[in-house]
Structure formats: C-alpha cells, structure tokens
Enquirer: 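Got a structure for you, written out below as structure tokens; questions coming shortly.
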Amino acid sequence: MKSNKYKEKSNLLGNLIAQNRKVKKMSQNKLASKMQILGVNIGKNDISKIEAGNRLIRDYELIAIKDILDLDLNNIHL
C-alpha cells in the first residue's frame, strides 16, 4: 500500500508553521481567516491537522501561509 507519509507525518512543515504562527501571536482561527481572505478555503481544523502533521499541505495553501506568516521557505531546516 502506498503511503503519503514520511516519518509518520503527512507533512514536515507543520511544526514550523505552528511555531511561526505563535511567534506572531496568531490563533489558528485567525490564520484560517486570513487565508480565506486570500481565497484559500480552509478552516481552523485544517490548520490544526496541518500543524500536527496529519494533513498534507497543498502548494497554494503553503504559499498563502508563507505570505501571511512572512516565512522564508528558502532556509528551511527540518
């Protein structure tokens, strides 16, 4: 059976997203709201799953998160 997981995670950026969101003192609801303003249909539960590594991140979601949290994806060290 094919798996979409690496090291038991569906994504490896969830922890980075959670850390940066908390540094900005932003709730998961607020992040989801800002993404919705950008046209990304996502909810607080989706953000929670992404941060826990239990949900894949779509490329357009990652771009919106990067823009909102001002992340530099060129310097990611996992």
Side-chain angles (χ1 to χ4, degrees):
M1 174 184 264
K2 185 178 176 183
S3 174
N4 287 330
K5 293 189 177 195
Y6 177 76
K7 295 186 179 182
E8 302 301 316
K9 299 279 188 177
S10 293
N11 75 71
L12 299 178
L13 295 175
N15 195 36
L16 176 74
I17 292 166
Q19 288 173 355
N20 282 274
R21 177 183 57 76
K22 291 173 185 174
V23 164
K24 300 228 181 248
K25 299 184 185 328
M26 187 182 300
S27 69
Q28 291 174 335
N29 275 330
K30 185 68 173 177
L31 177 56
S33 293
K34 286 180 175 272
M35 291 178 70
Q36 289 170 10
I37 289 168
L38 294 176
V40 178
N41 186 19
I42 194 165
K44 182 247 183 229
N45 290 337
D46 293 307
I47 300 295
S48 178
K49 289 176 184 176
I50 287 170
E51 290 182 354
N54 296 326
R55 180 183 174 288
L56 292 172
I57 304 172
R58 294 175 178 98
D59 55 357
Y60 59 89
E61 293 170 338
L62 182 58
I63 291 168
I65 291 169
K66 174 194 78 70
D67 290 346
I68 293 165
L69 297 179
D70 196 30
L71 297 177
D72 181 1
L73 299 180
N74 292 316
N75 295 316
I76 293 176
H77 303 287
L78 304 173

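Quick caveat, the model's predicted, so the values are computed rather than measured.
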Enquirer: Mind listing the closest non-hydrogen atom pair of Glu61 and Arg55 along with its distance?
Expert: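 So the two residues come closest at OE2-NH2, 2.8 Å.
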Enquirer: Out of curiosity, does Leu71 fall in the hydrophobic cluster containing Leu56 (side-chain heavy atoms, cut-off under 4.5 Å, transitive links)?
Expert: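 No, Leu56 does not connect to Leu71 through the hydrophobic network.
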Enquirer: Please give me the minimum heavy-atom distance between Leu38 and Ala64, naming the atom from each residue.
Expert: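 Reported closest heavy-atom pair: CD1-CB, 4.0 Å.
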Enquirer: Heavy-atom distance under 4.5 Å between the side chains of Leu62 and Asn11, does that happen here?
Expert: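 Result no, sub-4.5 Å side-chain heavy-atom pair not found.
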Enquirer: Using residues 22-32 as the side-chain source, report each donor-acceptor pair under 3.5 Å to any protein atom, sequence neighbours left out, with the distance given to one decimal.
Expert:
| from | atom 1 | to | atom 2 | distance (Å) |
| --- | --- | --- | --- | --- |
| Ser27 | OG | Asn29 | N | 3.4 |
| Ser27 | OG | Lys30 | N | 2.9 |
| Gln28 | OE1 | Lys44 | NZ | 3.2 |
| Gln28 | NE2 | Glu51 | OE1 | 2.7 |

Enquirer: Give a yes or no on this: more than 12 heavy atoms of other residues, nucleotides or ligands lie within 6.0 Å of atom CG of Asp72.
Expert: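 Counting neighbours around CG of Asp72, more than 12 heavy atoms of other residues, nucleotides or ligands fall under 6.0 Å, so yes.
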Enquirer: Return the CG to CE distance between Asp46 and Met35, rounded to the nearest 0.5 Å.
Expert: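 Result: 8.5 Å between the selected atoms.
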Enquirer: Measuring from Lys66:NZ to Ile57:CD1, what's the distance to the nearest 0.5 Å?
Expert: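 Reported value, rounded in 0.5 Å steps: 14.0 Å.
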Enquirer: Group every Ile, Leu, Val, Met, Phe, Trp and Tyr by side-chain heavy-atom contacts under 4.5 Å, then state whether Leu16 and Ile63 land in the same group.
Expert: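 The answer is no; the residues belong to distinct hydrophobic clusters.
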Enquirer: Find out if a path of hydrophobic residues (ILVMFWY) with successive side-chain heavy-atom gaps under 4.5 Å connects Leu73 to Ile65.
Expert: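 Same cluster.
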Enquirer: Working to the nearest 0.5 Å, report the span between CD1 of Ile17 and CG of Leu12.
Expert: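 So the CD1 of Ile17 and the CG of Leu12 are separated by 10.5 Å.
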